[in-house]
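Working notes, beginning with the structure itself.
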Amino acid sequence: ASQWRRIAVSARSCGHLLFNRYLLLTNCAICGLSSSCGDLISQKLECRNRKQSLLSTVNWKRNLTIGSCGVLLGPLTHYWYLFLERRFLGRTARALVYKVAADALLFSPVYITLYVVSLGLMRGVGREAIKADLWEAGLEIYKYEATIWSAAQAVNFYFLPIRYRVAFDSSVSLAFDTFYANQYNSAPSNSPGDKA
């Protein structure tokens with residue numbers, strides 16, 4: 001019993017460090033991991049469609065690029081949630097509606113734009129290719145995010161303390177990260193030999 005107690009105390013101490021003291025770093029790591037895992041799932045689905053083995057065809061450069069983009073955008077998500085919590089206090093219906101609406105109408109377009117532009121810059125494609133990706137992949141991503149994501153955010157904003165919101169966001173968004181990677185890598189500027 002004392003061994004389990006020590007494990008529980010250690011886990012609680014670790015959780016306190018990760019979700020209090022080092023929350024920004026934790027959120028960045030979670031965003032990067034979610035993006036990377038989403039891309040691996042996307043690549044697995046692509047391999048299954050081509051009837052190839054995933055292990056022999058994983059594009060690790062693409063995976064690293066997408067994971068890095070998640071890490072880079074982690075602070076944006078972290079500080080966005082802090083801003084929303086300060087701007088719209090509490091868990092009233094009115095505050096919840098404002099948070100969900102602001103997230104869908106303000107944050108999502110900015111995040112998607114930064115996601116597509118960051119990936120384009122990391123891949124070294126030109127301005128016209130990035131613009132084409134924004135119209136092709138960006139609009140498709142936003143269409144799904146504005147509908148499905150808002151319901152998940154309502155749960156996030158109403159039930160969870162702020163320190164767990166990015167973790168919840170990332171666990172729910174694993175499906176979106178898979179979708180992002182798939183949409184982005186099937187956009188016009190991403191020919192099969194050029195995907196990253």
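Numbers for residues simply follow the sequence, beginning at 1. Atoms considered below: every heavy atom in the structure, side chains included; atoms not considered: hydrogens, waters and symmetry mates.
Using cut-offs of 30° and 60° for the angle between ring planes, the Tyr115 and Tyr111 rings count as parallel.
Heavy-atom neighbours of Arg87 CZ from other residues, nucleotides or ligands within 6.0 Å: at or below the threshold of 12.
The hydrophobic clustering, which links ILVMFWY residues whose side-chain heavy atoms are closer than 4.5 Å, places Trp135 and Ile141 apart.
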With side chain to side chain contact (heavy atoms under 4.5 Å, CB included) as the test, would you mind laying out the steps for Leu174 and Ile41 before giving the verdict?
CA-CA 9 Å; Leu174 183 59; Ile41 294 168; 4.1 Å; yes
If you apply the rule side chain to side chain contact (heavy atoms under 4.5 Å, CB included), what do you find for Glu85 with Lys99, and how did you get there?
CA-CA 8 Å; Glu85 199 59 30; Lys99 287 176 187 174; 3.0 Å; yes
Start with the C-alpha gap between Asp169 and Tyr81, add the side-chain angles, then the distance that decides, and say whether side-chain hydrogen bond (donor to acceptor under 3.5 Å, both in side chains) holds.
CA-CA 10 Å; Asp169 176 312; Tyr81 285 144; 2.4 Å; yes
Determine whether Leu24 and Cys28 satisfy the following criterion, side chain to side chain contact (heavy atoms under 4.5 Å, CB included), listing intermediate values before the conclusion.
CA-CA 6 Å; Leu24 175 60; Cys28 291; 4.1 Å; yes
Go through the steps to decide whether Met122 and Leu72 satisfy the test side chain to side chain contact (heavy atoms under 4.5 Å, CB included), and finish with yes or no.
CA-CA 12 Å; Met122 287 182 195; Leu72 290 173; 3.2 Å; yes
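To the nearest 0.5 Å, atom OG1 of residue Thr92 and atom OH of residue Tyr158 are 9.5 Å apart.
A heavy-atom distance below 4.5 Å is not found between the side chains of Ile66 and Gln43.
Here the two rings, on Tyr164 and Phe168, have centers that are 6.0 Å apart or farther.
Under a 3.5 Å cut-off, the side chain of Asn156 and the backbone N or O of Arg165 do form a donor-acceptor pair.
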